[in-house]
2 protein chains.
Amino acid sequence: MTTTRTTSAGSRTAAKPRKRRTPEEARSVILDAAEARLQKLGLEGLNVVGVAEDAGLSHASVIHHFGNTAGMRQALGERMTQALLSDLVGALKSDTQPQKILAAVFHAMVGGGHAKLLAWRALNDSDSELPDEAVQRLFKELIRRTGERFGQQDATLIRNNLLLIASSAIGLGISGNALPALLGVDEIDNNEFADWLAHLLLDDDKTCT
Amino acid sequence: MTTTRTTSAGSRTAAKPRKRRTPEEARSVILDAAEARLQKLGLEGLNVVGVAEDAGLSHASVIHHFGNTAGMRQALGERMTQALLSDLVGALKSDTQPQKILAAVFHAMVGGGHAKLLAWRALNDSDSELPDEAVQRLFKELIRRTGERFGQQDATLIRNNLLLIASSAIGLGISGNALPALLGVDEIDNNEFADWLAHLLLDDDKTCT
DNA sequence: ACCGCTATCTACATTGGTGTCAATAAGGAA
DNA sequence: TTCCTTATTGACACCAATGTAGATAGCGGT
């Protein structure tokens, strides 16, 4: 029995006009909706039906552009990673004062929601895959610049400093307001905290010898 | 038409023996399997069918004990939170040297997978709910002890120290090996890092005045 | 041995999400 | 205009997971 597919015939409801976008536009619109849903609804919100509804098109179109759900999620992850890198590079180039750089990094990680992205990828990818080359190159650059700015030569010390900064930024971004709430503060001033941390790291260098 | 349910009649396959557990045992076995699946498969692994299979019983039994899937997940979150608190309290009581305490905290957060739990809850709960009283009490105690051990009175300084320690521990636990890999190290020695951090925080106190 | 409670099971109904397919229409090119 | 490409869509089949209900069986109490 061939399934008789309803063709044009009986559509009494006036067919609503279609909006034809370029593939780039469509992908952009879809990923915008997906990113908003990730922020608002969490991981469960990243399904093609919901994303398509928010984006204003059918879920079949989403699959058409990304192949399948996994493709959509991967594309979103890549786009957000690129945004993270862009923000970090901008923070590094913006200023020459270590305090300002730290503040910019914290702002990017915490305010921009990048930390949640990292956590999401860490939780989803069962085997934490190696970071892509772009990220690795960025960190090479970061290590070099840090060595310059902070005037430190000891590789281990630089690594510890960077590890502390990065892990703290990630932890702050993920915990959100929960951690400050535990410590009895309503909200944390990232600039102030970054300032304090910068002083802590710098002053340690010149510990009275 | 009443659905004639197949009763005992036609079962040619020998009925396999049931294992009757106490409710506590059953819940424990189920949550063990759920926790293992969370570690191995990530968030997607926390479904009743998969958990039931790993636990060695039917998914209907899981629903019987926890009401529904959300109940099972909540129970798991609560049990893991209790374990986290227990580990942290143990770390605080274990030793009097700040370095040892820090190392124990890092070990609990990173090695025990507690950080991933926190990230999971942060990502899932759309509105980050306030931490329960037990956690709040623990942190009050933590603040007090820290003030004693580190010999610091300034509240802001204590808060910054704690914030740095906690956020860094969370960030390290989540990023796993990815972050050290970026910095060119295969693995991070938590003890060594904790030692360095403790010295950093303590030495800052006695900055040459 | 008998009985009552309930943990456990199998089977089923239902839902929600995924991916496919053929038809349609929007825009550009000739 | 006419034609062609393809973005878009509704409908459908499928699957995985959830939750329900009745039947069954293990275990303790009497």
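Naming: A, B, ... by sequence-line order, numbering from 1 per chain. All values below were derived from every heavy atom in this structure, side-chain atoms included, with hydrogens, water molecules and symmetry-related copies excluded.
Going from atom CZ of A:F66 over to atom P of D:dT8 covers 11 Å, rounded to whole Å. Distance, A:E24 CD to C:dG27 C1': 15 Å, rounded to whole Å. In this structure, the CD atom of A:E53 is 14 Å from the C1' atom of D:dT9, given to the nearest Å. In this structure, the CG atom of B:N68 is 15 Å from the P atom of C:dG16, given to the nearest Å. Residue A:I63 contributes atom CD1, which lies 15 Å from atom C1' of D:dA7 at whole-angstrom precision. In this structure, A:E44 atom CD and D:dT18 atom P are separated by 11 Å, rounded to whole Å.
A residue-by-residue look at B:P23 and A:K19 shows that B:P23 has its nearest nucleotide of DNA chain C further toward the 5' end. Mapping A:T22 and A:A60 onto DNA chain D by nearest heavy atom places A:T22 closer to the 5' end of the strand. Comparing A:G67 and B:H64 along DNA chain C, the residue whose closest nucleotide (by nearest heavy atom) sits nearer the 5' end is B:H64.
A:H59 contributes no side-chain N or O that forms a donor-acceptor pair with the base of C:dG17 under 3.5 Å.
With hydrogens and angles ignored, the 3.5 Å screen pairs no side-chain donor or acceptor of A:S86 with any backbone N or O of A:Q82. Distance alone, capped at 3.5 Å, places no donor-acceptor pair between the B:N47 side chain and the B:V49 backbone. The backbone N or O of A:L57 lies less than 3.5 Å from no partner atom in the side chain of A:S61, so there is not a single donor-acceptor pair.
Side-chain polar atoms of B:E78 and B:Q74 form a donor-acceptor pair below 3.5 angstrom. Defined by atom type and a distance below 3.5 Å, a donor-acceptor pair is missing between the side-chain atoms of B:Q39 and B:E35.
For A:H65, whose side chain is taken as the heavy atoms from C-beta onward, the closest listed nucleotide among C:dC9, D:dA7, D:dT9 is D:dA7. The side chain of A:R20 lies closest to C:dA26, out of C:dT18, C:dA26, D:dT8. Of the candidate nucleotides D:dA7, D:dT9, C:dT18, C:dT18 has the atom lying nearest to any side-chain atom of A:N47. Out of C:dC9, D:dT8, D:dG19, the shortest distance to the side chain of A:R18 is found at D:dT8.
Dashed line: the shortest gap from a side-chain N or O of B:S61 to OP1 or OP2 of C:dC9 is under 4.0 Å.
Using a 4.0 Å heavy-atom criterion, one finds that B:T69 contacts the sugar-phosphate atoms exclusively. When heavy atoms are screened at a 4.0 angstrom cut-off, A:L57 is found touching the sugar-phosphate backbone but no base atom. Note on A:V48: only backbone sugar-phosphate atoms sit closer than 4.0 angstrom, heavy atoms only; bases stay farther off.
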